[in-house]
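Written out below as structure tokens is the structure these notes cover.
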Amino acid sequence: MAQASSEGDGGARPAEVAYLVSQYPAPSHVFVEREIEGLRALGVRVDTFSVRPVPTEALLSRMMREEAARTTVLLEDRRAVVAAVARLTRAHPLASLRGMGRAARTGPRYARHRLWQLFYWAEAVRLHDELDRRGLRHLHVHFSNNSADIARLVVEIGRAVDGPGAGWRWSMTVHGPTEFERVEAADLAAKVLDAAGVACISDFTRSQLMRLVPPEVWPRLDLVRMSVEIDRYQPVERPVVSVGAGRPLRVLNVGRLVPEKGAPVLLDALAQLVGDGVPVEARLVGGGELAGSLAEQVDDLGLSGSVALTGPVGQEQLPELYRWADVFVLPSFQEGLPVVLMEAMASGLPVVTTAIAGIPELVTDRVSGRVLPAGRADAVAEALRELALDPALGVSWGTAGREKVVAEFAVPVAARAQRDFLAGVAER
């Protein structure tokens with residue numbers, strides 16, 4: 001299996017790479033910030049680009065504000081896009097036509113989709129102009145969305161202008177699972193075939209791409225984990241006191257309040273516990289479309305005194321929340337490989353989550369927490385009841401979880417793996 005090495009500091013090192021994300025830095029994409037920070041710590045030059053700007057109010061931490069200040073936003077100045085298109089058309093009309101033609105025949109054959117591809121072409125011309133000015137030839141993207149559409153057009157334009165041997169290439173990190181449900185609409189198979197390399201965040205993700213492309217392409221699919229700052233998320237000594245002593249079980253959930261995260265299942269489980277006489281104190285941290293209905297569910301279940309919906313918070317506030325909690329619960333229906341689970345485990349918390357996608361590659365059932373069938377409020381309630389009655393079990397699981405994250409998901413480990421992946425792409 002293709003897997004980027006994370007051992008040692010030897011081997012080829014990519015000196016420079018451009019990163020493109022559809023919106024960077026975004027509150028839900030802090031793992032991209034960590035990856036870039038880790039690469040820079042290894043001496044890799046990383047210039048960051050975003051298709052659209054991030055609203056000022058969404059820049060919730062100092063690091064996000066600093067990253068936003070050093071990131072070039074393609075659509076922040078639309079006059080720059082028009083000027084770049086004009087320059088390319090005057091200087092290299094055939095390259096301009098070649099890129100436009102590639103855009104016009106790319107992806108699903110729907111008029112609206114092809115129109116959007118032409119918009120992406122204009123954005124690609126703007127980005128090509130900037131990369132060429134900076135002397136950058138390798139473009140890496142996170143997610144197979146419009147950033148990947150733009151990246152492959154940038155490379156098409158670059159090769160048309162400079163020739164096929166000029167070093168223009170692009171690579172991609174695929175997370176899943178959304179694009180696995182809309183393979184055709186995302187043009188996923190074609191993007192995997194076109195990219196010089198694909199970093200997969202889990203073996204599950206890699207397997208879903210393997211089914212889309214011929215076996216001879218599989219060696220270009222590398223396993224590169226996401227990461228967590230283990231120094232920021234540190235274990236604290238928690239009182240080993242069972243609910244028999246009257247202390248409520250402190251339950252934490254962090255994530256977007258959207259259907260795939262399964263927050264209603266957690267609330268049903270908490271209602272079962274309270275109904276059985278197990279005191280709980282829970283915090284659901286995050287914002288999203290379900291905020292209103294979840295607040296109603298809290299009231300309907302009689303949990304107003306036990307559950308707080310805090311809204312979104314910045315990364316700088318998360319460590320204190322993990323220190324407050326006794327257990328972290330993520331009852332998702334759909335995931336890639338959740339960073340919040342890594343953060344909780346790094347903080348020494350036992351976790352209760354679901355056996356979907358890449359989660360079993362991170363959490364081992366009854367070693368670092370519970371890995372349960374999705375959609376089962378009764379199973380979540382039983383797992384929490386077990387931890388409430390036997391807090392020493394939570395200490396054991398939390399210790400094992402911390403060890404797992406330190407060994408496989410720490411920022412330096414993942415950054416070396418990503419550096420080696422990028423170096424391998426540069427040699428292809």
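Residues: numbered from 1 along the sequence shown. Values below: every heavy atom of this structure, side chains too, minus hydrogens, waters and symmetry copies.
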- Message: Between Glu335 and Lys261 (salt bridge meaning N to carboxylate O under 4.0 Å), is one present in this structure?
- Response: yes
- Salt-bridged, Glu66 to Arg62, with N to O below 4.0 Å? yes
- Task: Answer yes or no: is there a donor N or O on one side and an acceptor on the other, between the side chain of Ser61 and the main chain of Met64, under 3.5 Å?
- Result: yes
- For residues Ile157 and Gly99, report the shortest heavy-atom separation together with the two atoms involved. CG1-CA, 4.3 Å
- Item | Shortest non-hydrogen separation from Leu153 to Ala103 and the atoms involved | CD2-N, 3.8 Å
- Using a strict 4.0 Å threshold on nitrogen-to-oxygen distance, state whether Arg52 and Glu123 make a salt bridge. no
- Do Phe328 and Met345 come within less than 4.5 Å of each other through their side chains, counting heavy atoms only? no
- Message: Can you tell me how far apart CH2 (Trp397) and CG (Asp365) are? Round to the nearest 0.5 Å.
- Response: 7.0 Å
- Mutual orientation of the aromatic rings belonging to His142 and Tyr19 [parallel < 30°, tilted 30-60°, perpendicular > 60°]: tilted
- Item | Validation row: Gln315, Arg34 side chains within 4.5 angstrom (heavy atoms) | yes
- Apply the test side-chain hydrogen bond (donor to acceptor under 3.5 Å, both in side chains) to residues Ser347 and Arg232: give CA-CA distance (whole Å), side-chain angles for both, the deciding distance (0.1 Å), then the verdict. CA-CA 9 Å; Ser347 303; Arg232 177 188 292 269; over 6 Å; no
- Mind running side-chain contact (heavy atoms from CB on, under 4.5 Å) on Thr353 and Ser332 for me, showing each step along the way? CA-CA 7 Å; Thr353 186; Ser332 297; 5.8 Å; no
- Out of Thr48, Val141, Leu131, Thr72, which residue meets the side chain to side chain contact (heavy atoms under 4.5 Å, CB included) rule with Leu20? Val141
- In terms of heavy-atom contacts, Cys200 and Leu221 come closest through SG-CB, 4.2 Å
- Sub-4.5 Å side-chain heavy-atom contact between Val224 and Ile201: no
- Residues Arg40, Glu67: salt bridge by 4.0 Å N-O rule: yes
- Item | Residues Arg225 and Glu361 bridged, charged N to O under 4.0 Å | yes
- Under 3.5 Å side-chain donor-acceptor pair for Gln334 and Glu181: yes
- Item | Trp116 side chain to Asp149 side chain, donor-acceptor N/O pair below 3.5 angstrom | no
- Sub-4.5 Å side-chain heavy-atom contact between Trp170 and His140: no
- Message: Could you walk me through whether Asp194 and Arg102 satisfy the salt bridge (Lys or Arg N to Asp or Glu O under 4.0 Å) test, starting with their C-alpha distance in whole Å, then the side-chain angles of each, then the deciding distance to 0.1 Å, before giving a yes or no?
- Response: CA-CA 12 Å; Asp194 194 78; Arg102 171 71 181 270; 3.1 Å; yes
- Query: More than 12 non-hydrogen atoms from neighbouring residues, nucleotides or ligands closer than 6.0 Å to CZ on Arg65, yes or no?
  - Reply: yes
- Message: Is it the case that over 12 heavy atoms from other parts of the model lie below 6.0 angstrom from the CZ atom of Arg79?
- Response: no
- Item | Shortest non-hydrogen contact from Leu362 toward Pro338 | CD2-O, 4.2 Å
- Gap between atom CE of Met342 and atom CZ of Phe409 - 0.5 Å precision: 5.0 Å
- Item | Polar side-chain atom of Ser96 near backbone of His92 as donor-acceptor pair, under 3.5 Å | no
- Verify the ring-centre separation between Trp168 and His138: is it less than 6.0 angstrom? no
- Query: With the threshold set at 4.0 Å, does a side-chain nitrogen-carboxylate oxygen contact exist between Glu130 and Arg126?
  - Reply: yes
- Please check if the side chain of Asn253 supplies one atom and the backbone of Val329 the other of a donor-acceptor pair under 3.5 Å. yes
- Pair Thr205, Ser202: side-chain N/O donor-acceptor within cut-off below 3.5 Å: yes
- Message: Please find the pair of heavy atoms, one from Ala18 and one from Phe49, that lie closest to each other, and give the distance.
- Response: CB-CE1, 3.9 Å
- Query: Counting distance only, does the side-chain N/O of Ser22 pair as donor-acceptor with the main-chain N or O of Asn146 below 3.5 Å?
  - Reply: no
- Answer yes when Asp47 and Arg70 have at least one side-chain N-carboxylate O distance shorter than 4.0 Å, and no when they do not. no
- Using a strict cut-off of less than 4.0 Å between a Lys/Arg side-chain nitrogen and an Asp/Glu carboxylate oxygen, indicate whether Asp222 and Arg220 qualify as a salt bridge. no
- Message: So that I can tick it off, tell me whether Asp268 and Arg376 are bridged by a salt bridge, with the cut-off set at under 4.0 angstrom between side-chain N and carboxylate O.
- Response: no
- Query: Counting only heavy atoms not in Glu184, do more than 12 sit closer than 6.0 Å to its CD atom?
  - Reply: no
- Item | Presence of salt bridge, Arg159 and Asp162, under 4.0 angstrom | no
- Message: Under the criterion side-chain contact (heavy atoms from CB on, under 4.5 Å), I'd like the reasoning laid out for Ile359 against Leu341: C-alpha separation, chi angles, the key distance, then a yes or no.
- Response: CA-CA 9 Å; Ile359 288 178; Leu341 281 178; 4.2 Å; yes
- Task: Please test Val125 against Val81 for side-chain contact (heavy atoms from CB on, under 4.5 Å), starting from the C-alpha separation and ending with a verdict.
- Result: CA-CA 7 Å; Val125 173; Val81 175; over 6 Å; no
- Query: Going by distance alone, is a donor N or O of one side chain under 3.5 Å from an acceptor N or O of the other, for Arg182 and Ser144?
  - Reply: no
- Note on the structure: Gln23 and Pro53 have their tightest heavy-atom pair at NE2-O, 2.9 Å
- Task: Take Val307 and Val251 through the side-chain contact (heavy atoms from CB on, under 4.5 Å) test and state the conclusion after the steps.
- Result: CA-CA 9 Å; Val307 175; Val251 179; over 6 Å; no
- Do Phe204 and Leu337 come close enough that some side-chain heavy atom pair is under 4.5 Å? no
- Message: Do Arg402 and Val406 make a side-chain contact, defined as non-hydrogen atoms from C-beta onward lying under 4.5 Å apart?
- Response: yes
- Task: May I ask you to check whether Phe143 and His175 place their ring centres under 6.0 Å from each other?
- Result: yes
- Message: With a 4.5 Å cut-off on side-chain heavy atoms, are Leu249 and Val327 touching?
- Response: yes
- Test salt bridge (Lys or Arg N to Asp or Glu O under 4.0 Å) on Glu386 and Arg366 and set out the steps. CA-CA 11 Å; Glu386 183 178 14; Arg366 292 200 170 277; 2.9 Å; yes
- Side-chain touch Val285/Leu321, heavy atoms, less than 4.5 angstrom: yes
